[in-house]
> 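Just passing along the structure, written as structure tokens.
Just so it is clear, the values below take in all heavy atoms, side chains as well, and ignore hydrogens, waters and symmetry mates.
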Amino acid sequence: MSKNPPKDAQRRILGIFKTSGIHSIGTFLNKLLLLSLVPLYSYLLPTQDTGLIGLMDTAEQFLIALLILGQGQAFVWQYKQEPDRKTLTRLVSTSVWFMLLVSILGIGGLVLFASKTTPLILNTAHPLQGLAFGWLMVGLFFRNLQSLAVNYLRADRKAISLETANLVGTALFVGLNFVLLAWFKVGVSALFVTRLLLLLPVLVVAGWFIRPYLRFVWDATLLKKMLRYGLPITITAMAYPILNFADRYMIATLIDPSGHLNGIYEISYKFGMIPSMLLVGPFLQAWQPALYDKTDEQSRNVVYRRLLLYVTFAAAVLWLGLSVMQTELLHIFSKPAYYSGSAIIPWVAASNVFYGLGWIVVAGLAVQAKTVFMGVWTALAALLNILLNFWWLPIFGMMGAAYATTAAFIFIFIGFAGYSKLKLKITFPYVRWLGLCVMAVAGYGIVITLVNLTNVWLSVVVKGLLCLPVILGMAFWVGLRNPKDLFNLLKQK
């Protein structure tokens, strides 16, 4: 690099990368454990039961986004403003009692009108629909509190504690599923109860850390301030499930009610989500608390600019590898019936990358509590996604859904970048950033044009070797031109 970042900016970048690494390892191990359930469910549960669990998962994502009211992110934002014990006690106590109140009122309302809300939330003819709804409500109560617990641990930089608790919960969940399903043959109802085990360890760990600050305290002024910050984020949180899941419903509605295409689309979509699992999700776990750290404006701006390049470089390497190996991935990990979905992998992977990059360019707005635009723009992106699916699905088939998802996330990124440029004094290196994108796409085009081998493993090796010059070129472009540059980036003063 021609110039090393200032020491404070370098320290912050290193801290973010280290925390991202912890979350990345934890997320990977969690996903690996959960992956072991796929053969268990497919062999021991009928499709109607797995469909019911899928509905419960989807419903939980939508409802928790509504019930949390954006207070998870608001808590992290306010936590950075409350350094002493007295003010931290006000923050923790007010947040906990408010979340309890919201959970009791919100979930109580859903239960009170269960005859109407049950078929609306779990639209299925499954005989256990009512029981599933009851356990879903119990899970929502604990999930709402767990969301606050997760954000406390993130804000307090307890990444190892958070990921360890998550792993313990996942291990308990997976282990008990094997015992109840494979040994005792209990059936799908066992999953209604074991889902709670995913939540309890994080609640216990966070409860231990917050116990010195939890009192019977209620600060209405503080709560009003947090609601003003967090409510627009509720719109954002509710829009993201639409961006990520609406395409499945629209594929079934518009082009294939049988579900055949959805099955092909779903398997390839999971491979496209790898950047989210390994990079974007862990990075955001570290980045969102870190962006509220008190520091001088010059140092903060350096961090923003450098991270846009570094994260884009890492994401471009991951995207390039997934994209050139799209066919090989499905040949190795799936059956021939799913091979036709390989073309959606680059598009879904790109949409995940743009989601993460959007949180970098919009960071300054979040720090200044300008969250209304973020909520409104994300909602518009969700609407755009639905409209594009209506337009493109009949024309392009399931590829239309992949195009629509990518277009919507690019729309979010452009809006966030444009509004940030208008409102903030930060000059992002968009020319170099665009150069990285062009190099990655050009490298992808060259590799898939040159390599068309029938032997899958030989193809993996050849494509991997051809990608190396592209990766080295991107590293040179971003400023990592020799091993010392990487050392300068990672060393801590």
Side-chain angles (χ1 to χ4, degrees), residues 57-77 102 106 110 120-121 140 143-144 147 151 225-251 253-254 269 273 276 280-281 284 287-288 291 347-348 350-393 400-424:
D57 289 338
T58 303
E60 187 177 72
Q61 290 195 47
F62 278 101
L63 291 173
I64 202 64
L66 177 61
L67 288 172
I68 194 69
L69 295 175
Q71 292 310 288
Q73 193 69 19
F75 179 90
V76 176
W77 168 68
V102 169
L110 293 173
L120 181 65
I121 294 172
L140 274 176
R143 175 71 73 180
N144 209 29
S147 297
N151 281 287
K225 183 180 178 182
M226 292 175 66
L227 286 171
R228 190 181 302 117
Y229 183 96
L231 284 176
I233 295 177
T234 303
I235 303 173
T236 302
M238 294 184 71
Y240 278 119
I242 296 174
L243 287 163
N244 285 315
F245 296 106
D247 47 10
R248 277 70 150 192
Y249 292 100
M250 299 185 75
I251 288 173
T253 301
L254 296 177
Y269 200 97
M273 290 291 288
S276 178
V280 175
L284 292 181
W287 172 235
Q288 289 172 349
L291 64 88
W347 296 92
V348 176
S351 68
N352 279 272
V353 169
F354 276 104
Y355 168 58
L357 296 180
W359 267 102
I360 297 176
V361 297
V362 82
L365 296 176
V367 171
Q368 296 184 15
K370 299 180 184 295
T371 55
V372 174
F373 173 81
M374 295 163 60
V376 172
W377 194 256
T378 309
L380 287 175
L383 177 61
L384 175 66
N385 184 40
I386 292 173
L387 294 175
L388 289 177
N389 270 291
F390 270 114
W391 180 14
W392 287 343
L393 276 173
Y403 299 154
T405 300
T406 307
F409 278 103
I410 292 175
F411 177 81
I412 291 175
F413 176 81
I414 292 173
F416 283 2
Y419 195 73
S420 294
K421 184 174 179 61
L422 183 66
K423 295 292 183 179
L424 303 173

> Under 6.0 Å between the ring centres of Trp359 and Phe416?
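Centroid separation for Trp359 and Phe416: 6.0 Å or greater.
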
> Check whether any side-chain heavy atom of Thr378 sits under 4.5 Å from a side-chain heavy atom of Ile235, and report yes or no.
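No, too far: nothing below the 4.5 Å cut-off.
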
> How long is the span from the CG atom in Leu63 to the CD1 atom in Ile121, to the nearest 0.5 Å?
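If we round to the nearest 0.5 Å, Leu63:CG and Ile121:CD1 are 5.0 Å apart.
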
> Tell me, please, which residues at least two apart from Val348 pass side chain to side chain contact (heavy atoms under 4.5 Å, CB included).
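For Val348, the residues satisfying side chain to side chain contact (heavy atoms under 4.5 Å, CB included) (neighbours in sequence not counted) are Tyr269, Ile344, Ser351, Asn352.
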
> How close do Ala381 and Leu243 get, heavy atom to heavy atom, and via which atoms?
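Taking every non-hydrogen atom into account, O-CD2, 3.6 Å.
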
> Minimum heavy-atom separation for Leu393 and Ala401, please, with both atom names.
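The answer is CD2-N, 3.8 Å.
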
> Nearest 0.5 Å please: distance from the CE atom of Met238 over to the CD1 atom of Ile64.
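It is 11.5 Å, given to the nearest 0.5 Å.
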
> For Ser420 and Val361, indicate whether the former's side chain and the latter's backbone hold a donor-acceptor pair under 3.5 Å.
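It does hold such a pair.
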
> With Ile386, which residues qualify under side chain to side chain contact (heavy atoms under 4.5 Å, CB included), at least two apart?
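With neighbours one apart ignored, the set is Ile242, Met250, Phe390.
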
> Kindly write out the residues that satisfy side chain to side chain contact (heavy atoms under 4.5 Å, CB included) with Leu227, not counting sequence neighbours, or none if the list is empty.
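With sequence neighbours excluded, Leu227 shows a side chain to side chain contact (heavy atoms under 4.5 Å, CB included) to Gln71, Phe98, Leu223, Leu231, given in chain and number order.
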
> Under the ring-ring contact (aromatic ring centres under 6.0 Å, His included) rule, collect the residues that match up with Tyr403, sequence neighbours excluded.
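In terms of ring-ring contact (aromatic ring centres under 6.0 Å, His included), with neighbours along the sequence ignored, Tyr403 is linked to Trp347, Phe396.
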
> Kindly compute the distance separating CZ (Phe373) from OG1 (Thr236), expressed to the nearest 0.5 Å.
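If I round to the nearest 0.5 Å, the distance is 10.5 Å.
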
> To the nearest 0.5 Å, how far apart are CG in Leu384 and CG in Leu380?
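Separation between the atoms: 8.5 Å.
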
> Should the pair Phe413 and Phe354 be assigned to parallel (<30°), tilted (30 to 60°) or perpendicular (>60°) ring geometry?
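Phe413 vs Phe354 ring planes: perpendicular.
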
> Which side chain to side chain donor-acceptor pair (under 3.5 Å) pairs, counting each pair once, include a residue from residues 380-392, with sequence neighbours left out?
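Only Asn385-Asn389 qualify under side chain to side chain donor-acceptor pair (under 3.5 Å).
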
> Output all residues satisfying ring-ring contact (aromatic ring centres under 6.0 Å, His included) with Tyr240, sequence neighbours left out; order by chain, then residue number.
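Testing Tyr240 for ring-ring contact (aromatic ring centres under 6.0 Å, His included), a comparison that skips the adjacent residues, returns Tyr355.
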
> Report the residues that fulfil side chain to side chain contact (heavy atoms under 4.5 Å, CB included) with Ile68, sequence neighbours left out, ordered by chain and then residue number.
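For Ile68 the side chain to side chain contact (heavy atoms under 4.5 Å, CB included) partners, ignoring immediate neighbours, are Met99, Asn144, Ser147.
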
> Give the minimum heavy-atom separation between Leu388 and Ala407, together with the two atoms involved.
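Reported closest heavy-atom pair: CD1-CB, 3.7 Å.
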
